[in-house]
Amino acid sequence: MTIKEISYLGVITAFAIVLSYFERMLPPIIPIPGVKLGLSNLALLVSIYLLGNKYGFYTMLIKCLSVAILFGGLSSFLYSISGGLFSYSFMYLFRKLKVFSVVGVSVIGGVAHNLGQIIIATIIIGNIKLLYYFPILIISGVIAGIGIGILTSYTLNYLRVINK
Amino acid sequence: MINIFDKVLIAILILLAISFNIILNNVFSSDKDYRSVTVTINKEIYDTYDLTKDNTYTISFENKFNTFSIENGYVKMTDANCRDKLCTSQRKINNNFGTIVCLPHNLIIEVGSDIESEIDSIVQ
């Protein structure tokens, strides 16, 4: 771990936490639990593409822990870490396939995040009927994923120019 | 920026969502005319209410509260002190099928599950 990597990791993770906080202040778009923009996925994607898989994973982990300590509680930590782990694993696999652009990876990340959260919610609430929200959560993950993917693509272009 | 593989992935996911929606609608919807509303907190049934009687109920537990009203066979969450208040803006549910979820309070209001689960337990 070089000093450059450490500072990049710090800045990007701080960025993820701020985005997460910012999103909490926005009013909900549709009143369905789990439907959200997932702005902090922008920072996670930047971390994965710029610093690599290992640091991407650190960003996800530190972001979930910090947000839970700062703004949430245990139950919101369970939701965010399950969403984070699902989303990270799928993005890792889909990036390994080397055929998808940032947008594709972002879309699968958004959908997997919602999938992970609905599974945890079904276990915590203990009612299988929660799966009823599954289709709408896939659609919302796809839409949010496309938006975040395009944003990430622009962000990465700028950051690569700076890096040169 | 978006390549052909991304587009295929997006199309597959949307198809998946649509087919899940059709399957779930077939599994969950029913022609039964339910008469009761069940409130479950932390996986335990809290109470059952009559869907045919118009009334407003407030459930208080551990400094938390959720208020819901029953009107003309429809249930609507009207107030709660949870973090996101998503439950209060969820659509009202009726005698056929529906759930209102309050994730921060681990609370779920559903129509008709009591009758089904009784039948299930007899079958088992």
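Lettering of chains follows the sequences in order, A, B, ..., and the numbering in each one begins at 1. Below, all heavy atoms of this structure are taken into account, side chains as well, without hydrogens, waters or symmetry copies.
Other residues, nucleotides and ligands place no more than 12 heavy atoms under 6.0 Å from the NZ atom of B/K92. The environment of CZ in A/F90 is sparse: at most 12 heavy-atom neighbours from other residues, nucleotides or ligands sit within 6.0 Å. Crowding of B/F5 atom CZ: a count of heavy atoms from other residues, nucleotides or ligands under 6.0 Å not exceeding 12. Annotation for B/Y74: atom OH does not count as buried by contact number, only 12 or fewer foreign heavy atoms lying within 6.0 Å. Within 6.0 Å of atom CZ in A/F22, 12 or fewer heavy atoms from other residues, nucleotides or ligands are found, so the atom counts as exposed in its surroundings. When the shell of 6.0 Å around OH of A/Y92 is examined, it contains 12 or fewer heavy atoms from other residues, nucleotides or ligands. Under a cut-off of 6.0 angstrom, the local environment of OH in A/Y58 is sparse, with at most 12 non-hydrogen atoms contributed by other residues, nucleotides or ligands. Applying the 6.0 Å contact sphere to CD1 of A/I3 captures no more than 12 heavy atoms from other residues, nucleotides or ligands.
Between chain A and the residues B/M1, B/K85, B/K7, the largest count of heavy-atom pairs under 4.5 Å involves B/M1. The greatest number of non-hydrogen atom pairs below 4.5 Å with chain B, out of A/G104, A/G141, A/S153, is found for A/G104. The candidate from A/I108, A/I124, A/L97 with the greatest count of non-hydrogen atom pairs under 4.5 Å with chain B is A/I124.
Summarising the geometry, atom CD belonging to B/E110 is positioned 9.0 Å from atom CG belonging to A/L130; distances are rounded to the nearest 0.5 Å. Atom-to-atom distance recorded for B/L86:CG and A/I32:CD1 is 9.5 Å, nearest 0.5 angstrom. The line from CD1 of A/I143 to CG of B/L13 is 12.0 Å long, rounded to the nearest 0.5 Å. One distance of note links CZ of A/F100 with CD1 of B/I2; it measures 13.0 Å at 0.5 Å rounding.
Of the two parts of A/V111, only the side chain, counted from C-beta on, holds a non-hydrogen atom closer than 4.5 Å to a non-hydrogen atom of chain B. In this structure, chain A has no heavy atom under 4.5 Å from any part of B/I4. At a 4.5 Å heavy-atom cutoff, A/F71 makes no contact with chain B through either its backbone or its side chain. There is no contact between A/S106 and chain B, counting heavy-atom distances below 4.5 Å.
Under a hydrophobic-cluster definition in which Ile, Leu, Val, Met, Phe, Trp and Tyr are linked whenever side-chain heavy atoms come within less than 4.5 Å, directly or via other members, A/L39 and A/M25 are assigned to the same cluster. A/F15 is connected to A/L159 through a chain of hydrophobic side-chain contacts under 4.5 Å among Ile, Leu, Val, Met, Phe, Trp and Tyr, so both are in one cluster.
Inter-residue side-chain proximity for A/F94 and B/L9 is flagged as met; some heavy-atom pair is nearer than 4.5 Å. At a threshold of 4.5 Å between non-hydrogen side-chain atoms, the residues B/L103 and A/I125 count as touching. Taking the side chain as every heavy atom from C-beta outward, A/L137 and B/F20 never approach each other to under 4.5 Å.
Here the shortest heavy-atom pairing between B/A17 and A/P135 reads O-CB, 3.4 Å.
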Q | side chain to side chain donor-acceptor pair (under 3.5 Å) between A/S101 and B/D6, worked out | A | CA-CA 7 Å; A/S101 77; B/D6 297 341; 2.3 Å; yes
